[in-house]
Asker: 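What follows is a single structure, and I will ask about it in a moment.
Side chains included, hydrogens not; waters and symmetry mates left out as well; all remaining heavy atoms used.
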Amino acid sequence: MKTLLPRSPWAAFRTLGKLISALGILSLTAAIITPLDASAADSARRPNIVILLGDDLGFSDMGSFGGEIRTPSLDALANEGVRFTNFYTHATCSPTRSMLLSGVDTHQNGLGNMDEWTAPNQRGVPGYEGYLNNRVATLPQLLRDAGYHTYMVGKWHLGKQPDQIPAARGFERDFTLLDGAGSYWDMTNFTGAAPKSVFTEDGRYLTKLPKDYYATKTYTDKLIGFIDAHRTDGKPFFAYVAHQAPHDPFHLPREWRKRHVGEYDQGWDAVRQARLERQIALGILPAGTSLAERMWFIPDPITLAPAARALTGKKMELYAGMVENVDFHVGRLIDHLKKIGEYDNTLFIVFGDNGAEGTDLFKMIAGNPGTRDFLLAAIKWSQTHPNAWGDPGSYVGYGPMWAQVSMTPFSQYKGWVAEGGIRNALIVTGPGIERTPGSINHGLMHVADIMPTLLDIAGTDYPKRLNGRELPPLIGKSWRPMLAGRTESPRTERDTLAWEIFGNHALRQGDWKLRWQHKPFGTGDWELFDLAKDPAERHDLAAERPDKLEALLARWDEYVRAHNVILPDRSMFETLDDTLPMRVPDDPGYPPLIYKRQFVPPAELLADPKP
């Protein structure tokens, strides 16, 4: 049975507004559903739009998607709107963001590979610039032309040059971290070559950060200021809130670090199982869904010593605190919009940018003793005592074991095209949603759909040409008919989605998924999965269904040709098969040796030794 979350009192106001609109007393809902001329006198009736993006936020982290983490503000949005369970992003952050803001495939918009990992055979190739290139139009650019204010706060990761920063790509106001990650307390970055993070505010590069800076709080403060500065002019606003959290390092104020003390000492297997059970109870997943196998190099937590379990559990405590802190500041934004009378006319879209982070980024970046990166890490990131975790100068991530928990029930995590790398929780709520509040939808959706959806809602079109250049076609589909309750999915069984990053690649059509991944996370060959029956990707059907394999390979070849896909000749995973333990099956209870308890003889047969 599906379990609804506690209803927010604001849901009643929205429901009442829909009823009044249906009776013809107000025209707000009709104005949203019907495309409007951007220059019309009633343009202010178009909805405000807020995108809330969590960096590395996992599929099951929010309470409304089965998590034990307390997220009342996000859960309230879920209960007033719709949760979507079949929503896809890309496997890493900047590629996802490039499609969100352009609606164009990564291999055309400049993020055919991440800037940090561009392969030798991709250098200089159009579509692989490593930043959002100038051959695409951006969502804020088009919304601004359509009469919207456009604001951004948070992480950009799409270019640092003056013609690549948010102010140059359509944002009227911004307070932005241009890098892919960094300290939450100051400008400290990770590498010896680039030890200082770069920020912009309203198109100017900052020399220092505001007093009492803490990323999540400051981003929220700045956005509220942007909204207030222009709210009397009657124009709607688009706000892109690209939170840095909960990306590592896990930095957070001390009062947020001890909200789950000891809770995760039970270990990742127990937490993952509990999340799955809640997901089934909520209706997020169907009864009978299996968990993906625990990755072969992750130990069974019950075999760990108590101190080791406590330390690994503390990392997850910090992560949970990060998510709850984000939720708190989302609540601040929501409360402010209610206070100024804009909440009921605001469309919210909430999701994470990729799978949870299971790779040890700090170890990858710091490298070996004797290098400049290792020296920087030793100087700038030296707060390694567990009591200092969360402070400036500390670096904590939670590893693959907890990343699998965040991605319950799916396989693997960020950087890979298994479901755990690319499938994300999605919440949409606000004007124009004509579906049952708190309901769940399983339609097949993609981050590139957001561009055509929001242009549709704003009453403007995607141009064929801009500034004398022909624009590439959008790859997404508008959600407007689905949000209005006229269809269950923006896609048919014949439509396809495809991904490629670091040489890992995949394609989905209907319930079928084709996947190729580097060893040992993949087989180095094509795998085939029926996601309707096997969302955990446990059963490779390539040998059993050669007909389906061949059909999907043909669609993959079409995608490669259409989007100029160049598989990299170098990859961040090229040595992984040599450095990880040999892959073995996940068989619970094996080997019995480590699970056998001390034998205790019957009491009546006990005796002291004879003299």
Asker: Tell me if the CZ atom of F297 is crowded by more than 12 foreign heavy atoms within 6.0 Å.
Answerer: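 Atom CZ in F297 is crowded, with more than 12 foreign heavy atoms closer than 6.0 Å.
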Asker: As a quick check of understanding, evaluate side chain to side chain contact (heavy atoms under 4.5 Å, CB included) for F351 and I427, giving each step before the final call.
Answerer: CA-CA 7 Å; F351 62 100; I427 298 168; over 6 Å; no
Asker: Does any non-hydrogen side-chain atom of V447 lie less than 4.5 Å from one of H90?
Answerer: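 No, too far: nothing below the 4.5 Å cut-off.
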Asker: Do you see a donor-acceptor pair shorter than 3.5 Å between the side chains of Y88 and E419?
Answerer: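 Yes, side-chain donor-acceptor contact under 3.5 Å.
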Asker: Quick one: does D540's side chain have a donor or acceptor within less than 3.5 Å of a partner on L528's backbone?
Answerer: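 Indeed, once roles are kept as given, a pair shorter than 3.5 Å links the two residues.
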Asker: Establish, from distance only, whether the side-chain atoms of N86 and R423 form a donor-acceptor pair under 3.5 Å.
Answerer: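 There is such a pair (donor and acceptor under 3.5 Å, judged by atom type) between the side chains of N86 and R423.
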Asker: Okay, side chain of N121, backbone of D569: is any donor-acceptor separation there less than 3.5 Å?
Answerer: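 Checked: pair present.
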Asker: Is there a donor-acceptor pair closer than 3.5 Å between any side-chain N or O of N113 and the backbone N or O of W117?
Answerer: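 Yes; judged by distance alone, with no hydrogens or angles, the pair exists.
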Asker: Are any of the side-chain heavy atoms of L454 and I349 separated by less than 4.5 Å?
Answerer: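 Side chain of L454 against side chain of I349, heavy atoms only: contact under 4.5 Å found.
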Asker: Taking atom CZ of R570 as the centre, report whether more than 12 heavy atoms of other residues, nucleotides or ligands fall under 6.0 Å from it.
Answerer: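 12 or below, so no.
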Asker: Say whether, by atom type as modelled, one donor and one acceptor occur between the side chain of D327 and the main chain of L74 under 3.5 angstrom.
Answerer: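 Flag set: sc D327 to bb L74 pair under 3.5 Å.
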Asker: Quick one: closest heavy-atom pair of Q279 and G66, and the distance?
Answerer: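 Closest heavy-atom pair between Q279 and G66: CG-CA, 4.0 Å.
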Asker: Would you mind reporting whether P140 and F238 have side-chain heavy atoms less than 4.5 Å apart?
Answerer: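 Heavy-atom side-chain distance check passes, below 4.5 Å.
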Asker: To the nearest 0.5 Å, what is the distance between CG (D525) and OG1 (T523)?
Answerer: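 If I round to the nearest 0.5 Å, the distance is 5.0 Å.
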Asker: Keeping the roles fixed (side chain from D248, backbone from G399), state whether a donor-acceptor pair exists under 3.5 Å.
Answerer: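 Judged by distance alone, no pair lies under 3.5 Å.
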Asker: Mind checking whether M316 and W268 have side chains closer than 4.5 Å, heavy atoms only?
Answerer: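 Answer no - side chains too far apart.
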Asker: So, for P520 and L580, which heavy atoms are closest and what is the spacing to 0.1 Å?
Answerer: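 Smallest interatomic distance, heavy atoms only, reads CG-CD1, 3.9 Å.
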Asker: What is the minimum heavy-atom distance between G159 and Y131, and which atoms define it?
Answerer: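 Taking every non-hydrogen atom into account, CA-CB, 3.8 Å.
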Asker: Looking at Y413, F250, Y319, Y264, which one forms a ring pair (Phe, Tyr, Trp, His ring centres under 6.0 Å) with W402?
Answerer: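 Of Y413, F250, Y319, Y264, ring pair (Phe, Tyr, Trp, His ring centres under 6.0 Å) with W402 is met by Y264 alone.
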Asker: As a quick check of understanding, evaluate side chain to side chain contact (heavy atoms under 4.5 Å, CB included) for S94 and D115, giving each step before the final call.
Answerer: CA-CA 9 Å; S94 50; D115 176 55; over 6 Å; no
Asker: Can Q266 and V271 be said to form a side chain to side chain contact (heavy atoms under 4.5 Å, CB included), step by step?
Answerer: CA-CA 7 Å; Q266 63 185 303; V271 179; 3.9 Å; yes
Asker: Closer than 3.5 angstrom, by distance alone: can the side chain of E293 be matched with the main-chain N or O of R538 as a donor-acceptor pair?
Answerer: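 Side chain of E293 to backbone of R538, a donor-acceptor pair under 3.5 Å: no, none is there.
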Asker: Can you find a side-chain donor-acceptor pair between N133 and N109 that sits under 3.5 Å?
Answerer: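 Side-chain D/A pair, N133 to N109: absent.
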Asker: Have E537 and Q412 got a donor and an acceptor in their side chains that come within less than 3.5 Å?
Answerer: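 The criterion, which ignores hydrogens and geometry beyond distance, is not satisfied for Q412 and E537.
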Asker: Would you name the heavy atoms of A91 and K414 that are closest together and state the gap between them?
Answerer: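 That closest heavy-atom pairing would be O-CG, 3.3 Å.
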Asker: Under 3.5 Å, is there a donor on one side chain and an acceptor on the other for R275 and S60?
Answerer: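 Indeed, the side chains of R275 and S60 share at least one donor-acceptor pair under 3.5 Å.
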Asker: How about L101 and R169: do any of their side-chain heavy atoms sit closer than 4.5 Å?
Answerer: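 A side-chain contact is absent here, since even the closest heavy-atom pair is not under 4.5 Å.
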Asker: Taking all heavy atoms of K155 and all of Y240, pick out the closest pair and write down the distance.
Answerer: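 Looks like O-OH, 4.4 Å.
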Asker: Calculate, to the nearest 0.5 Å, the distance between atoms OG1 and CD belonging to T496 and Q509 respectively.
Answerer: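 Answer for the OG1-CD pair, T496 versus Q509, is 6.5 Å.
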Asker: Please report the interatomic distance CG(L276) to CD1(I284), rounded to the nearest 0.5 Å.
Answerer: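 The CD1 atom of I284 is 12.0 Å from CG of L276, to the nearest 0.5 Å.
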Asker: In Å and rounded to the nearest 0.5 Å, what is the CZ to CD1 distance from F573 to I501?
Answerer: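 So the CZ of F573 and the CD1 of I501 are separated by 9.0 Å.
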Asker: So, the side chain of E550 versus the backbone of D547: is there a donor-acceptor pair under 3.5 Å, distance only?
Answerer: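 No; zero donor-acceptor contacts below 3.5 Å.
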Asker: Is the shortest heavy-atom distance from the side chain of R508 to the side chain of R491 under 4.5 Å?
Answerer: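 With C-beta onward as the side chain, the pair stays apart.
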Asker: Determine whether R97 and W156 make a side-chain contact, defined as any pair of heavy atoms from C-beta on separated by less than 4.5 Å.
Answerer: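 No. Closest side-chain heavy atoms not under 4.5 Å.
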Asker: Could you tell me whether a side-chain N or O of T71 sits under 3.5 Å from a main-chain N or O of G63, the two making a donor and an acceptor?
Answerer: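 The answer is yes, because a donor-acceptor pair under 3.5 Å joins these two groups.
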Asker: Using the benzene-type ring in the case of Trp, are the ring centres of W499 and H107 under 6.0 Å apart?
Answerer: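 Here the rings of H107 and W499 have centres that are no less than 6.0 Å from each other.
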Asker: Could you tell me if N354 and T89 have a donor-acceptor pair between their side chains, going purely by distance under 3.5 Å?
Answerer: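 No, no side-chain donor-acceptor contact under 3.5 Å.
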Asker: For the residue pair H563 and Y559, categorise the inter-ring angle as parallel (less than 30°), tilted (30 to 60°) or perpendicular (more than 60°).
Answerer: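 Tilted, since the angle between the ring planes falls between 30° and 60°.
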Asker: Hey, could you give me the CD/OG1 distance between E500 and T106, rounded to the nearest 0.5 Å?
Answerer: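 Reported to 0.5 Å precision, the distance equals 7.0 Å.
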Asker: Go through it in stages, so that I can follow the logic: the residues are H243 and L57, the test is side chain to side chain contact (heavy atoms under 4.5 Å, CB included), and I'd like the CA-CA distance, side-chain angles, deciding distance and then a yes or no.
Answerer: CA-CA 10 Å; H243 278 298; L57 183 69; over 6 Å; no
Asker: Please check if the side chain of T460 supplies one atom and the backbone of D456 the other of a donor-acceptor pair under 3.5 Å.
Answerer: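 No; judged by distance alone, with no hydrogens or angles, the pair does not exist.
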Asker: So, taking the atom named CH2 in W512 and the one named NZ in K548, what distance separates them when rounded to the nearest 0.5 Å?
Answerer: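 Nearest 0.5 Å value for the CH2-NZ distance: 6.5 Å.
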Asker: Parallel, tilted or perpendicular: which describes the rings of F521 and W296, with under 30° parallel and over 60° perpendicular?
Answerer: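 Perpendicular.
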Asker: Is there side-chain contact between Q108 and V136, with heavy atoms separated by less than 4.5 Å?
Answerer: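 No, their side chains stay 4.5 Å or more apart.
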Asker: Shortest non-hydrogen contact from T408 to F59?
Answerer: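 Nearest pair, atom of T408 first, then F59: O-CD2, 3.4 Å.
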Asker: Any side-chain to backbone donor/acceptor pair from H505 onto G503? Under 3.5 Å, distance only.
Answerer: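 Such a contact is found between H505 side chain and G503 backbone.
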Asker: Is it the case that T453 and D449 place a side-chain donor and acceptor less than 3.5 Å from each other?
Answerer: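 Short answer, no.
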